[in-house]
Amino acid sequence: MNKTEQLQQHSLDAEIQCGANSLQNICHALACERGWWKDPKTGRQIERNRAELLMLCVSELAEAMEADRKDLNDDHLPHRKGFEVELADCLIRIFDIAGAYDLDLSGAMLEKLKYNAQRVDHKPEHRANGGKQY
């Protein structure tokens, strides 16, 4: 990689980190403001069940699949496809969880993108021969 490519990559990395960190902070702050991390009766902070949080993400993905299967618009944002809105709901939940547990989601994303770029089974020629197919 030459100097120009390195600078471009560094700039892209910084943009991904900044964007993901901002989304993580915003989504978690909004969830906290709306009381998702407090006991509704006492107002005290609670430790939420991680399995439940993960299954809430899964349910958003299932709703996205169903909206896509039926080509439905969203109930609450009828000008948008349900598929799109449910994916957004899943991302909001993921960024909230990452914020709650102070995860380095942006760092993990960058590392995973770079790792995937080197994987043989992620290259077009491999996929053309049925790789990653189900």
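Remember, it's a predicted structure, so these values are computed and weren't measured experimentally. Starting from 1, each residue takes its place in the sequence as its number.
Heavy-atom minimum distance, Asp121 versus Arg119: OD2-NH2, 2.8 Å.
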Donor-acceptor pairs under 3.5 angstrom involving side-chain atoms of residues 15-25: please list them, not counting sequence neighbours.
residue, atom, partner, partner atom, Å
Asn21, OD1, Ser106, OG, 2.9
Asn21, ND2, Gln17, O, 3.1
Ser22, OG, Cys18, O, 3.0
Gln24, NE2, Ala98, O, 3.3
Gln24, NE2, Leu103, O, 2.9
Asn25, ND2, Asn21, O, 3.2

When the side chains of residues 6-14 are checked against the rest of the protein, which donor-acceptor pairs come out under 3.5 Å, sequence neighbours left out?
residue, atom, partner, partner atom, Å
Gln9, NE2, Asp13, OD1, 2.7
Asp13, OD2, Lys114, NZ, 2.8

Can you give each donor-acceptor pair under 3.5 Å made by side-chain atoms of residues 57-65, sequence neighbours left out, with the distance rounded to 0.1 Å?
residue, atom, partner, partner atom, Å
Ser59, OG, Leu56, O, 2.8
Glu60, OE2, Arg93, NE, 3.1

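More than 12 heavy atoms of other residues, nucleotides or ligands sit less than 6.0 Å from atom CH2 of Trp37. At most 12 heavy atoms of other shown residues, nucleotides or ligands fall within 6.0 angstrom of atom CD in Gln45.
Residues Arg50 and Ile97 have side chains not in contact (no heavy-atom distance under 4.5 Å, counting atoms from C-beta outward).
Rounded to the nearest 0.5 angstrom, Tyr101 OH and Glu47 CD are separated by 4.5 Å. Atom CZ of Arg34 is separated from atom CG of Asp96 by 10.5 Å, given to the nearest 0.5 angstrom. Atoms CG and CG, on Asp75 and Leu77 in that order, are 9.5 Å from each other to the nearest 0.5 Å. The NZ atom of Lys81 lies 9.0 Å from the CG atom of Asp68; values are rounded to the nearest 0.5 Å.
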Exercise for the section: For side chain to side chain contact (heavy atoms under 4.5 Å, CB included), just list the numbers for Ile94 and Leu105, CA-CA rounded to whole Å, side-chain angles, deciding distance to a tenth of an Å, and then say yes or no. Expected result: CA-CA 9 Å; Ile94 289 169; Leu105 197 59; 4.0 Å; yes
